[in-house]
Amino acid sequence: IVDDEPMNVKLLAAQLGGNDYDIIQAFSGKQAIENALAHQPDLILLDVMMPDLDGYVVTQKLKSDPRTSTIPIILITALNGTENKIHGLEVGAEEFLNKPVSKTELMERENNARSANIDNTTSGPGSEKNGWPIMQMHRYGIATIARSYVPTREYPLTAPMKSAEMLLQKRTSSSGC
């Protein structure tokens, strides 16, 4: 859990309590990166607005490092607006939550982020080790699917992944590549 406000870290830790999590706390972007490298967590809950490195920068750094690129990240913020969410997804976050965070939504997003990281693979650029996360598709011109689809347990990312794969194949074959 990463937030520059210790009370927010305590609140999120309390919401996750009772779920057998080993919680690692960080209070800055720099500390978040250090902890991610040292501990390789299963999930990162990351505040967007922090004084040293904001959550977008931290996400981008973690996703560009092969040692941390597959760790799911949920950005958490008081910022509103679609553009903030889209920016978070563009830099590689799997999920985005607005404060105040409800325990039910946190648990659902946590499940989605972790299962998206495990289950949603396809062939294509970046697939050599752990699959092709849906947000990497943005770099290949298929951001519309990622922006408009909200996965749930009932409707996982499988269908949009297949659609994206077909679009990429069609785009590649029509461009002569």
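Only this structure's heavy atoms are used, side chains among them; waters, hydrogens and symmetry mates stay out.
In this structure, Lys103 does not pair ionically with Glu108, as no charged nitrogen and carboxylate oxygen lie closer than 4.0 Å.
Side chains of Val48 and Leu79 form a contact here, defined as non-hydrogen atoms less than 4.5 Å apart. Between Asp3 and Ile76, every side-chain heavy-atom pair lies at or beyond the 4.5 Å cut-off. Side-chain contact between Val2 and Gln31 is absent, with no heavy atoms from C-beta onward closer than 4.5 Å. Side-chain contact between Ser28 and Asp4: absent, with no pair of heavy atoms (C-beta onward) separated by less than 4.5 Å.
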Should Val58 and Ile33 be marked as a side-chain contact (heavy atoms from CB on, under 4.5 Å) after you check the CA-CA gap, both sets of side-chain angles, and the distance that decides it? CA-CA 7 Å; Val58 172; Ile33 293 168; 4.0 Å; yes
Salt bridge (charged side-chain N to carboxylate O under 4.0 Å, His left out) between Glu95 and Lys85, worked out: CA-CA 9 Å; Glu95 292 281 351; Lys85 290 180 182 181; over 6 Å; no
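The CD1 atom of Ile44 lies 7.0 Å from the OG1 atom of Thr68; values are rounded to the nearest 0.5 Å. Atom CG of Leu106 sits about 6.0 Å away from atom CG of Leu45, to the nearest 0.5 Å. From Leu62, atom CG reaches atom CD1 of Ile73 across 4.5 Å, with rounding to the nearest 0.5 Å. Rounded to the nearest 0.5 Å, atoms CD1 (Ile1) and CG (Asn35) are 12.0 Å apart.
Hydrophobic side-chain contacts under 4.5 Å tie Met7 into a cluster, directly or through other members, with Leu11.
For Lys10, there are no salt bridge (charged side-chain N to carboxylate O under 4.0 Å, His left out) partners two or more places apart in sequence or in a different chain. Every side-chain contact (heavy atoms from CB on, under 4.5 Å) that Gln25 has, sequence neighbours left out, goes to Val9, Ile23, Phe27. Every side-chain hydrogen bond (donor to acceptor under 3.5 Å, both in side chains) that Glu105 has, sequence neighbours left out, goes to Arg109. Partners of Glu5 under the salt bridge (charged side-chain N to carboxylate O under 4.0 Å, His left out) rule, at least two apart in sequence or in another chain, do not exist in this structure. The ring-ring contact (aromatic ring centres under 6.0 Å, His included) check on Tyr56 picks up His87, with sequence neighbours excluded. In this structure, the side-chain hydrogen bond (donor to acceptor under 3.5 Å, both in side chains) partners of Asp47, at least two apart in sequence or on a different chain, are Lys99.
No continuous path of hydrophobic side-chain contacts links Ile24 to Leu75 [ILVMFWY only; heavy atoms under 4.5 Å]. Both Val101 and Leu16 belong to a common hydrophobic cluster when Ile, Leu, Val, Met, Phe, Trp and Tyr are linked at side-chain heavy-atom distances under 4.5 angstrom.
Listed by first and then second residue, the ring pair (Phe, Tyr, Trp, His ring centres under 6.0 Å) pairs that reach into residues 60-82 come to none, sequence neighbours excluded. Counting only residues at least two apart or on different chains, the side-chain hydrogen bond (donor to acceptor under 3.5 Å, both in side chains) pairs with a member in residues 72-84 are Asn80-Asn98. Evaluation of the salt bridge (Lys or Arg N to Asp or Glu O under 4.0 Å) test over residues 66-76, restricted to residues two or more places apart or in two chains, returns Asp65-Arg67. A salt bridge (Lys or Arg N to Asp or Glu O under 4.0 Å) check over residues 70-80, counting only residues at least two apart or in different chains, returns nothing. A ring pair (Phe, Tyr, Trp, His ring centres under 6.0 Å) check over residues 34-54, counting only residues at least two apart or in different chains, returns nothing.
Between the side chain of Lys61 and the backbone N or O of Leu53, no donor-acceptor pair lies under 3.5 Å. The backbone N or O of Glu90 lies less than 3.5 Å from no partner atom in the side chain of Gln60, so there is not a single donor-acceptor pair.
Across all their heavy atoms, Lys63 and Glu94 have their closest contact at NZ-OE2, 2.8 Å.
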